[in-house]
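Single-structure report; data block below.
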There are 2 protein chains.
Amino acid sequence: MELFEERGFEGTTVADIAERAGLTKRTFFRYFGDKREVLFSGTELLEAGFVEAIAAAPADASPLDAVAAGLDAMADRLQDVGDAGARKRQAIIAANPDLQERELIKMNGFATAAAAALRDRGVTEPAASLAAEAGIAVLRIAFARWIEGPPGQDIHELLHESLVELKAVAA
Amino acid sequence: MELFEERGFEGTTVADIAERAGLTKRTFFRYFGDKREVLFSGTELLEAGFVEAIAAAPADASPLDAVAAGLDAMADRLQDVGDAGARKRQAIIAANPDLQERELIKMNGFATAAAAALRDRGVTEPAASLAAEAGIAVLRIAFARWIEGPPGQDIHELLHESLVELKAVAA
DNA sequence: GCTGTGATGACACGTAGTGACATCGCGGCC
DNA sequence: GGCCGCGATGTCACTACGTGTCATCACAGC
């Protein structure tokens, strides 16, 4: 993060990162599949909490509401990290198309995981995938507003607002 | 496409492609920003038709229905290309994570373009972005069913079914 | 026949990413 | 105490992507 803020993502070589960490390039690639991944480690945990919460949602919850419960769990962890760090991270990502691609594939991973969790709850296709995708759309919009909005805002509220808005739009 | 089917995307070097085309590597990169892009040229046209159709939708159409009109226009062009070619292409993409990332960023481009087109129609945020994202979710699911389903299927029908399903899920 | 211009080639270079092998540190074990 | 095994790291070599720079070539206009 230090190096990325100083020189940007492209301006930082893997050798630079490794040197700053007191390691070699080769070792870096043993921990991270590629250079981008260093900014996305931790996503697995986020995803795990997300699917657990979907599974744990009340049995009578609608598919979309189950996903919303998952999003709330994710929001808890995001809130813990805080918006300050998230803002820095997002600024780096926004400045680099390659990183945006990686971000999107992570989001997509969330959506497919959510769809699977919904199917485990007995939701059939294509409803499961649609609810999952719609939920991720809600997350995207809420997250963007969290990053762009005033500091210290509660992301749970933004999520809730986005969800309500989605339901209105689709009505 | 020939080379990708023979050796896979990773197994094909840019030099291979250039040689097959009777050109040099350098010239390849003057036409395509990177190796992945060669599989995604033409997306701009698809996107252009998409936004035009959104703009041309009846003034009293809801945001989501305006996006649906855009999707129908996109479906026309996809139908012209046919499912056979789309299947081959998609098989190559499915086999390579880098290509999936590129695919997602194109989809994301569609969503942001749709959101802009909706704002031009007077739709406010966050409704515009949400309707756009939801519409792209519908496209994704319908497209996947088109690729996986029986040959010769009409993608318009699949789009319509997905849209109806989304509305049910969000209700 | 001259000249400008756009497309292509030739060449060199930096960097991401990987395979193969060497080395080191450390805990267990006779 | 010395040996062994193993996981983590380093070293080295190599391929391929992507780019900057300059040369070359074809062709249109005058």
Side-chain angles (χ1 to χ4, degrees), chain A residues 1-48 88-109, chain B residues 1-48 88-109:
Chain A
M1 286 292 289
E2 290 169 16
L3 289 169
F4 291 157
E5 282 173 43
E6 284 171 27
R7 320 180 194 173
F9 182 76
E10 293 239 330
T12 307
T13 71
V14 173
D16 291 338
I17 303 172
E19 190 190 347
R20 176 71 63 98
L23 293 169
T24 61
K25 195 182 79 167
R26 195 65 185 86
T27 302
F28 175 92
F29 283 114
R30 280 194 258 258
Y31 282 87
F32 304 100
D34 60 41
K35 186 182 166 189
R36 280 167 244 146
E37 199 59 20
V38 75
L39 265 169
F40 292 91
S41 62
T43 352
E44 322 80 38
L45 290 178
L46 226 51
E47 184 173 311
K88 278 184 196 168
R89 210 185 87 103
Q90 218 59 22
I92 295 169
I93 293 175
N96 187 291
D98 286 357
L99 292 173
Q100 290 163 38
E101 294 196 355
R102 180 55 51 87
E103 169 114 318
L104 289 173
I105 217 169
K106 294 295 183 181
M107 287 285 186
N108 194 56
Chain B
M1 286 292 291
E2 290 169 14
L3 289 169
F4 290 159
E5 283 174 42
E6 284 172 29
R7 318 179 196 174
F9 182 77
E10 293 240 329
T12 308
T13 72
V14 173
D16 291 338
I17 303 172
E19 190 191 347
R20 177 70 63 98
L23 294 170
T24 60
K25 197 183 76 167
R26 196 64 188 87
T27 302
F28 175 91
F29 283 115
R30 280 194 258 258
Y31 282 86
F32 304 101
D34 61 40
K35 184 181 165 189
R36 279 169 247 148
E37 199 58 21
V38 75
L39 266 169
F40 293 90
S41 62
T43 352
E44 323 79 39
L45 290 178
L46 226 50
E47 184 173 310
K88 278 184 196 167
R89 209 186 88 104
Q90 217 58 21
I92 295 167
I93 293 175
N96 188 289
D98 285 357
L99 292 173
Q100 291 162 38
E101 294 195 357
R102 180 55 52 86
E103 169 115 318
L104 288 173
I105 217 169
K106 295 294 182 181
M107 287 284 185
N108 194 56

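This structure is a prediction, so every number in the text was calculated from the model and none was measured. In the text below, chain A, chain B and the rest are named by the order of the sequence lines, each starting its count at 1.
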Rounded to the nearest angstrom, tell me the gap between atom CG in A:Leu39 and atom P in C:dA16. 14 Å
Looking at B:Lys106 and B:Glu37, is there a salt bridge between them, counting it only when a charged N and a carboxylate O are closer than 4.0 Å? yes
Figure out the CZ/C1' separation between A:Arg102 and C:dA16, and round it to whole Å. 13 Å
Residues at least two apart in sequence or cross-chain that pass side chain to side chain donor-acceptor pair (under 3.5 Å) with B:Lys35, listed by chain then number, are none
Residues B:Lys88, B:Glu2; criterion salt bridge (charged side-chain N to carboxylate O under 4.0 Å, His left out); working and verdict: CA-CA 10 Å; B:Lys88 278 184 196 167; B:Glu2 290 169 14; over 6 Å; no
Which nucleotides of nucleotides 7-18 of chain D have their base under 4.0 Å from a protein heavy atom (B), which only their sugar-phosphate (S), and which neither (-), written as one string 5' to 3'? --BBB----SBB
Looking only at heavy atoms, the pair that brings A:Asp34 and A:Arg102 closest together is OD2-NH2, 2.9 Å
Using atom CD of A:Glu37 as one end and atom C1' of C:dA16 as the other, report the distance to the nearest whole Å. 15 Å
List the residues meeting ring-ring contact (aromatic ring centres under 6.0 Å, His included) with B:Phe40, not counting sequence neighbours, and say none if there are none. none
